[in-house]
Amino acid sequence: MKIVAKKVIIYSMLGLMQVGMFSSVAAAAPGPLHNSSSQQIVQLDRHDGHDNRDNDRRRQHDERMRQENERHEREMRRHPNEGRRAWRERQERERDRHDRELREIGALLLGIVIGSASND
């Protein structure tokens with residue numbers, strides 16, 4: 001038991017030393033690991049005609065997501081006079097429906113992002 005504990009301690013210390021050496025090398029290295037001031041920050045907000053449409057679509061997406069989450073929360077609660085088995089079955093169906101809806105909403109947002117990028 002003592003031998004196993006000693007080996008665990010030694011290997012843990014060696015692992016920590018390697019992590020420490022890597023972090024100092026990563027901090028000193030120029031390039032993608034280090035954020036330098038020479039890198040340009042991409043500005044996502046555009047001030048042309050597409051900006052307002054994109055913001056409207058994003059607001060619609062956010063509103064739809066909020067409504068879906070509220071509806072899902074209501075549906076996951078147990079209804080009065082509902083048996084445990086019926087409730088569990090309804091919860092399972094609701095989870096599946098909720099997942100499909102979230103994927104659809106996510107696809108909408110992805111379409112907005114791709115459409116915004118292609119308009120540049």
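The figures here come from the full heavy-atom set of this structure, side chains too, leaving out hydrogens, waters and symmetry mates.
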What I want to find out is whether Arg77 reaches Glu73 closely enough, with some N-O distance under 4.0 Å, to be called a salt bridge.
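Result for this pair is yes, salt bridge flagged.
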
Measure from the side-chain N and O atoms of Arg78 to the backbone N and O of Glu82, and report whether any donor-acceptor pair falls under 3.5 Å.
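At least one qualifying donor-acceptor pair exists.
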
Counting only heavy atoms not in Arg85, do more than 12 fall under 6.0 Å of its CZ?
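No, the 6.0 Å shell around CZ holds no more than 12 heavy atoms from other groups.
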
Under 6.0 Å from the CD atom of Glu70, do we count more than 12 heavy atoms belonging to anything else shown?
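Yes, CD of Glu70 has more than 12 neighbouring heavy atoms, counting only those of other groups under 6.0 Å.
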
Supply the atom-to-atom distance [X] [atom1] to [Y] [atom2], rounded to the nearest 0.5 angstrom.
| X | Y | atom1 | atom2 | result |
| --- | --- | --- | --- | --- |
| Asp96 | Glu101 | CG | CD | 13.0 Å |
| Gln91 | His72 | CD | NE2 | 8.5 Å |
| Met65 | His61 | CE | NE2 | 4.5 Å |
| Gln60 | Asp62 | CD | CG | 10.5 Å |
| Asn69 | Ile105 | CG | CD1 | 7.5 Å |
| Arg74 | Glu94 | CZ | CD | 10.0 Å |

Do Asp56 and Arg59 pass the salt bridge (charged side-chain N to carboxylate O under 4.0 Å, His left out) test, and can you show the C-alpha distance, the side-chain angles, and the key distance before you say yes or no?
CA-CA 5 Å; Asp56 290 343; Arg59 272 190 231 103; 2.7 Å; yes

So among Arg93, Arg95, Arg90, which one has a salt bridge (Lys or Arg N to Asp or Glu O under 4.0 Å) with Glu75?
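When Arg93, Arg95, Arg90 are each tested with Glu75, the salt bridge (Lys or Arg N to Asp or Glu O under 4.0 Å) holds only for Arg90.
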
Heavy atoms, side chains only, cut-off 4.5 Å: are Glu104 and Arg64 in contact?
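Contact flag for Glu104/Arg64 side chains = yes.
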
